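Let me begin by presenting the structure, written as structure tokens, before commenting on it.
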Amino acid sequence: MRGKFLFMGLLIMVTLEGFALPKTDTLKFTLQQVVEMAKANSIAAKQAITVKETKYWEWRTFKSNYQPQLALEGILPGYTKTYTQVQQPNGSILFQPVHYDNSSLTLNFSQSIAATGGTVYGTTQLQRFDDFDRNSVLYNGIPYGIGYTQPLLQFNSLKWDKKIEPLKFNESKQVFIETQEKISITVTEYFFDLLLAQVNLNIADLNYGNTKRILTIAGTKFELGKISKNEMLQLQLEVLNAQKAVGTAKRDVEIATLNLRSYIGIEGDDRIKLDMPAVVAQMTVITEKVLAEAFENRSDAIGFIRRLAEAKRDVAKAKGENGLVATLSANLGFSNAANSAFDIYRSPKNQQSVELKLAIPVMDWGRSKSRTKTAQANEQFITYAVEQDKQTFKQQIVTQVTLFNMMKEQILLTDEAENIAAEKYKIASERYVLGNLSITDLSIAFQENDRAKRDYVSSLRDFWGAYYQLRYLSLYDFEKNRKITY
């Protein structure tokens, strides 16, 4: 009988070796190191940087709308050789040959005025006309001219963009920080997936070793007639189950390692060993502080202001684009025509123009009023929606602070429960060896010990998950007591 048990033990050890992980270098990481690697190397982090750059250049484009614009335009050459119709004094049409070059060069300057929505502009122009049929050259030009165009009673997009675009840009900067914190939340889940898998593997290895040891002792007791055949079979089954648990745990470690490695961007086949993170027990989180930081830092808080401003803009646009539309244009300067380019700039003649364009709807069947009322109704809806979102935003933060403080208390309880379960497991093992504990009670002690270890890791997951969620909701670092910036 002893030989039979020895053979079974050797068989189990040989089978277990088949599950052994390949011997490679081991990389040891803490939770904070994994979080930093994800922020630096993950695809999500690179996408966030790309979006940030896109928003930056959109902001630069907006800023350029308020800067002076200088443009050079020209037709060089404007060569033509063809037949064209020419109306004669008697009304008839003759097709005459033409052969000329009509080239021009214009330098334009413009500056938008955000306060009024108007545009100040300036221009200088030189035109040369070569008539090859008559061998003549003529010049025409505007040495300089300035003017101003002002829409009257119309929607001023420049004025509203100046209010809204800075909000959008600031919102995008906070969105980038939030994206980084979302990466922290995601990688924390991957971290604890692997950590729990490694803890399960350690538990499985320990249980397997202890079960084999107890099986050996039970074999001796069985030969002496102190335990039954049924109890012996139960122990053999426990050994097989422990061996299966080791194989399952190693598979889970491989899968969790692959997921974590893929997310944080680590290549290679080195094994990863995670350190059990500690609990920052001295961290104090007060609801009022979190709310204040959230409304100061979060993109949602900026978005509340932006959404209300956009609704007001839409009302102004609806009012400005209905009814009377008028544009006032005025310019003055000098112009001249001559046989040489230099003569254009000698004694140029004054030029002035004033123009007022009007468009007045006489009958639109209530279209203007309907557009305005629609915009006003939408503004009211946005106001209510923003107020509701603010309430939800506040409630989410209050709930998260409560959960975080609960997690701090819960983890202390699970830590104590783990210590008690480990002590109980040790006593149960010793009592079984001495022969005053049943196999059923021993199995219960095994299970309670395993569950307590897993519960502790789960409590750590909940604690750190709640912590990074709190950072995301407030964009505030409660360990260092400062705003989160990148």
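Remember, it's a predicted structure, so these values are computed and weren't measured experimentally.
Aromatic ring orientation, Y190 versus Y263: tilted (interplanar angle from 30° to 60°). The aromatic rings of Y467 and W464 lie perpendicular to each other, with more than 60° between the two planes, well past the 30° mark.
Atom CG of N350 is surrounded by more than 12 heavy atoms from other residues, nucleotides or ligands within 6.0 Å. Within a 6.0 Å radius of NZ in K369, no more than 12 heavy atoms belonging to other residues, nucleotides or ligands are found.
T30 and D275 share no donor-acceptor pair across their side chains, judged by distance under 3.5 Å alone. Of the N and O atoms on the side chains of Y384 and Q388, not one donor lies less than 3.5 Å from an acceptor on the other residue. If you check the side chains of S104 and Q125, you find no donor sitting under 3.5 Å from an acceptor. Side-chain atoms of N297 and Q174 include no donor-acceptor pair closer than 3.5 Å. No side-chain donor from either of E296 and Y476 sits under 3.5 Å from a side-chain acceptor of the other.
Of the charged side-chain nitrogens involved, at least one lies within less than 4.0 Å of a carboxylate oxygen, so that E181 and K39 count as a salt-bridged pair.
For the pair K162 and Y66, the cation-pi test (distance below 6.0 Å, angle within 45°) is passed.
Remark: D130 pairs with R128 by the side chain to side chain donor-acceptor pair (under 3.5 Å) rule, at least two apart or across chains.
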